[in-house]
Amino acid sequence: MQITSMLSAGYLEPMPNIARVQKLNEYEKENDQSKQQKEQEILAEEQAIKAKLGGGAQVHTVYHYTMGTDGRRYITGASVSMKGSEEDLNRVGGGLATEDMESRQREITDALKKDSEKTEKNQTIIKAEDEKRKAEEKKDKAEDEKDSQVRELKQIQNEVIAHEAAHQAAAGDLGGGVSYTYTQGPDGKRYITGGEVPIRFKEGATPEETLRNMQKVQAAANAPADPSGQDMKVAAKAAALAMQARNEISQESESEHTETVARGTPIIEAVKREDEQQDPEKNGVMSILATVKELQLQSLIPAA
């Protein structure tokens, strides 16, 4: 036969064992029948579920297929999603719906508990951060106040030094050394916050010298741009002593003028000599003038 020759020629493989081929075909046929039976069982179970749910529930099925040896796809699995009332779902699942709901409720409760714990933890963190922020703000405020106090103390120190230097420069030899009072600042350093310069109310050998000294004291007391209450008291006292010295100078001046007049030629006698030399014809008029002059001079003599 042609097949034999072909086989003898080596163009075709030897024919397999006929019994083995038949056995394989039978196995494949049985396998396909098994798939078909499985498909029918799945479809029947689906129909039973739908029947138990009734018309009020919704069923959605996703089929899983397997290819048979005959080239056909057989349903070998299915995923059924059901949506409906708890009663309908429990009727199908034998109470599984209620258990599922309880499980879901527990999950929700646990989730809410975790959220609550997380929220509480977050609140604790937020509170801690807020307290930290407030503490830092308080610290910054304290530092600002400290810096402000230090700046104020430095300004006061500069003003006091300038104030006392003005006193000392104007007082000259009538002034003494400066003494300061100190205040400890918030930074631990000492700052000058007060001071004084002693000024002597020195009486001179003459009223003129006393006047010059008091004028110098008064100028020293008023030397700063912002004299204190004590400065004004010192200036007032110096002004009073200066006025007293002026009065003494004025009195001495008047005394010297009176002594000069007294040591000169008596005015009354000079007038009389002048009158005696006048023309007798005019003696009447001159006598009156002489009398008037004499009276005027007599009134001056006691004041001298």
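Side chains included, hydrogens not; waters and symmetry mates left out as well; all remaining heavy atoms used. Along the sequence shown, residues are numbered consecutively beginning with 1.
Remark: R133 engages E137 in a salt bridge, criterion side-chain N to carboxylate O under 4.0 Å. Between D173 and R200 there is no salt bridge, since no side-chain nitrogen of the basic residue lies less than 4.0 Å from a carboxylate oxygen of the acidic one. Taking 4.0 Å as the cut-off between side-chain N and carboxylate O, D130 and K134 count as a salt-bridged pair. Ion pairing between a basic and an acidic side chain is recognised when a charged N comes within 4.0 Å of a carboxylate O; R72 and E39 show such pairing.
With hydrogens and angles ignored, the 3.5 Å screen pairs no side-chain donor or acceptor of E129 with any backbone N or O of I125. A distance-only check finds a donor-acceptor pair linking the side chain of T124 to the backbone of E120 [under 3.5 Å].
Neither side chain, T119 nor N122, offers a donor N or O lying under 3.5 Å from an acceptor on the other. Side-chain contact, T210 with E203: no donor N or O sits under 3.5 Å from an acceptor N or O. For the 3.5 Å distance criterion, the side chains of H64 and T76 fail to qualify, holding no donor opposite an acceptor.
A cation-pi contact links K237 to F201, judged by a cut-off of 6.0 Å to the six-membered ring centre and 45° from its axis.
Other residues, nucleotides and ligands contribute at most 12 non-hydrogen atoms within 6.0 Å of the CD atom of E152.
A side-chain contact (heavy atoms from CB on, under 4.5 Å) with Y191 is found for one member of K154, Q149, Q155 and no other, namely K154.
Within the structure, the ring pair (Phe, Tyr, Trp, His ring centres under 6.0 Å) test picks out the following pairs touching residues 118-174 (sequence neighbours left out): H163-H167.
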